Amino acid sequence: MITELRPRFPADFHFEHTVYSHGWCALFPFRLDRASQTLSCTLEDGNGRIGTLRYSLPSQKKPRVALETRGTPSSTSLALFAARAANILHLNLDLRMFYARVREDARFAWIAEHRTGRMLRAPTFFEDVVKMILTTNCSWSLTELMNERLIQQFGIPAADGAVCFPRPESIAESSEEILRSEVRLGYRAPFVLELARRVASGALDIEAFRQADAPALELHRALRDIKGVGDYAASNLLKLLGRYDYLGLDSWCRAKFAELHNGGTPVPDTEIEGYYAPFEEWKGLVMWLDVTRQWYALKFPF
DNA sequence: GCGTCCAGGTCTACC
DNA sequence: GGTAGACCTGGACGC
């Protein structure tokens, strides 16, 4: 059954720029169909029901959001799916202050004009954290492989044959041996296992991060308490929470910054920090949009 | 075909 | 608090 969802889109929303905001759109269970400009995502409603969301044009400001389920979803389930559909696009994020700030600087005024900055998120923060751990110390192609194997091994099949991201419980019941030998997570295996077990047991309320209004410093510290989450991962997870106080530099960002601002010669992190420091609580987002600016002018790499 | 390097880093031990 | 060394994997590259 197909149900049309009608989330409330902020006035500055831009569908394509949100979908391609970073690499998440290229990681299962997200699926991109470039020809029809459709983003699909198979997910659980949080109450055991599986469905597939399809976001598509015709409008960049108000895309169509359709939910496909086996049978008719209850009103409760529909509300849960609708909340997750909005969460994925981070529709409750208010970027007006951010756009006002970047308009003050001619180098970055394009950010407001293009309505960029809203970042695609997984249906749950648990999925965001696991995927972020899988991006560490490896190539992007290896991240894609590990994520795909994790879903194949523990994911839940939907009506359309797609598979949604594993529940924490499914991974928690597994073992480090399986995560190493079957999913081939390498040294990341114990990190993902411990995270899944803490979440499954209730010791860690990972989804509470999405409602947290604590200072960024505190959230960063709490995220770093998760094994396998260091400064890079914590900083970039904060961006998915709408907090941009940290740059979250990785080797790709450093190389891109050097290419754009220093003729390709490497630049110390302290200098990169200094470059974006005037943007204060927005500096992490300005940095990310600066190093990915070509994506919006030329072609998205996903 | 084989060895080496390194990629969207993090942890631990040690100072 | 700062730093060196170990850590899985797989693709790219040189030979």
Side-chain angles (χ1 to χ4, degrees), chain A residues 19-28 30 32 116-117 119-122 127-153 171 174-198 204 217 219-241 244 246-261 264 266-270 272-273 276 283-296 299-302:
Chain A
V19 170
Y20 292 101
S21 53
H22 63 131
W24 262 208
C25 63
L27 292 180
F28 287 120
F30 282 120
L32 271 174
T116 64
M119 300 177 88
L120 190 70
R121 315 194 297 178
E127 186 175 328
D128 279 334
V129 177
V130 172
K131 284 177 170 173
M132 199 63 77
I133 291 173
L134 299 191
T135 68
T136 58
N137 198 26
C138 66
S139 60
W140 180 252
S141 58
L142 182 54
T143 297
E144 291 180 311
L145 275 174
M146 289 187 288
N147 178 64
E148 198 173 337
R149 286 192 293 249
L150 191 68
I151 292 170
Q152 279 172 355
Q153 187 79 25
I171 300 175
S174 176
S175 66
E176 184 178 326
E177 170 57 24
I178 287 174
L179 290 171
R180 281 183 186 269
S181 61
E182 301 295 324
V183 190
R184 305 190 70 74
L185 297 187
Y187 69 88
R188 302 168 196 82
F191 302 153
V192 171
L193 185 62
E194 183 182 314
L195 170 64
R197 287 184 172 165
R198 286 178 68 195
L204 175 65
L217 177 72
L219 292 175
H220 190 264
R221 196 174 291 147
L223 286 166
R224 290 202 61 169
D225 279 345
I226 299 169
K227 284 277 179 62
V229 174
D231 176 60
Y232 150 83
S235 302
N236 284 293
L237 284 167
L238 275 183
K239 289 175 192 166
L240 299 182
L241 297 173
Y244 313 103
Y246 295 83
L247 296 192
L249 294 170
D250 54 30
S251 55
W252 187 86
C253 291
R254 292 185 181 98
K256 203 68 191 173
F257 184 90
E259 177 193 323
L260 294 172
H261 300 292
V267 179
D269 285 2
T270 48
I272 304 178
E273 285 279 351
Y276 298 107
K283 60 177 177 282
L285 188 53
V286 174
M287 183 281 296
W288 177 247
L289 293 170
D290 189 31
V291 297
T292 59
R293 179 174 183 174
Q294 289 170 331
W295 295 2
Y296 299 90
K299 184 177 182 290
F300 293 105
F302 309 109

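Just so we're on the same page: letters track the sequence lines, and every chain starts at 1. Scope of the values below: all heavy atoms of this structure, side chains included, with no hydrogens, waters or symmetry mates. Since this is a predicted model, take the numbers as computed values, not measurements.
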Strictly by Watson-Crick or wobble contacts shorter than 3.5 Å, is anything paired with C:dC8, and which nucleotide is it? none
For a quick check of understanding: with a heavy-atom distance under 4.0 Å over all strands, which category does A:Arg180 fall into, base, sugar-phosphate or nothing? sugar-phosphate
Identify whether the distance between the nearest side-chain nitrogen and carboxylate oxygen of A:Arg121 and A:Asp128 falls below 4.0 Å. no
Whole-Å distance between B:dG8 P and A:Leu238 CG? 22 Å
Could you go through the side-chain hydrogen bond (donor to acceptor under 3.5 Å, both in side chains) check for A:Tyr232 and A:Thr135 one step at a time? CA-CA 10 Å; A:Tyr232 150 83; A:Thr135 68; 2.7 Å; yes
Here the distance between atom C1' of B:dG9 and atom CG of A:Leu247, to the nearest Å, is 16 Å
Return the polar atom pairs (N/O with N/O) between nucleotides 11-15 of chain B and the protein under 3.5 Å, or none.
unit_1: B:dC11; atom_1: OP1; unit_2: A:Gly228; atom_2: N; d: 2.7

Do A:Met132 and A:Trp24 have side chains that approach each other closer than 4.5 Å (heavy atoms only, starting at C-beta)? yes
Kindly state which residues belonging to residues 133-146 of chain A come within less than 4.0 angstrom of DNA chain C, counting heavy atoms of the residue only, listed by number. A:Asn137, A:Ser141, A:Leu142, A:Leu145
Indicate yes or no for a side-chain donor-acceptor contact from A:Ser235 to the backbone of A:Leu247 under 3.5 Å, with no hydrogens or angles considered. no
Validation row, ring centre A:Phe257 to ring centre A:Tyr276 under 6.0 Å: yes
Span that lies between the P atom of C:dG2 and that of B:dG8, in whole angstrom: 27 Å
Outer limits of DNA chain C sitting under 4.0 Å from a non-hydrogen atom of chain A, read 5' to 3', are C:dC7 to C:dG11
Does A:Arg254 reach a base, just sugar-phosphate, or nothing at all? Heavy atoms under 4.0 Å. nothing
Interatomic distance where CE belongs to A:Met119 and C1' belongs to B:dG8 [whole Å]: 12 Å
Can you check whether A:Ile178's main-chain N or O pairs, donor with acceptor, with A:Ser175's side chain at less than 3.5 Å? yes
Contact class for A:Ala233 vs. all strands (heavy atom < 4.0 Å): base, sugar-phosphate, or nothing? sugar-phosphate
Interatomic distance, A:Trp252 CH2 vs B:dG9 P [rounded to whole Å]: 12 Å
Just by distance, do the side chain of A:Arg198 and the backbone of A:Leu193 share a donor-acceptor pair under 3.5 Å? no
Should A:Arg197 and A:Glu194 be marked as a salt bridge (Lys or Arg N to Asp or Glu O under 4.0 Å) after you check the CA-CA gap, both sets of side-chain angles, and the distance that decides it? CA-CA 5 Å; A:Arg197 287 184 172 165; A:Glu194 183 182 314; over 6 Å; no
What distance do A:Arg188 atom CZ and A:Leu195 atom CG have between them, rounded to the nearest 0.5 Å? 14.5 Å
Quick one: do A:His22 and A:Asn236 satisfy side-chain hydrogen bond (donor to acceptor under 3.5 Å, both in side chains)? Show the steps, please. CA-CA 11 Å; A:His22 63 131; A:Asn236 284 293; over 6 Å; no
Roughly how many Å is it from CG in A:Asp269 to C1' in B:dG9, rounded to a whole number? 12 Å
Roughly how far apart, to the nearest Å, are C:dC8 and B:dA13 at atom P? 15 Å
A:Thr292 and A:Thr116, any side-chain heavy atoms less than 4.5 Å apart: no
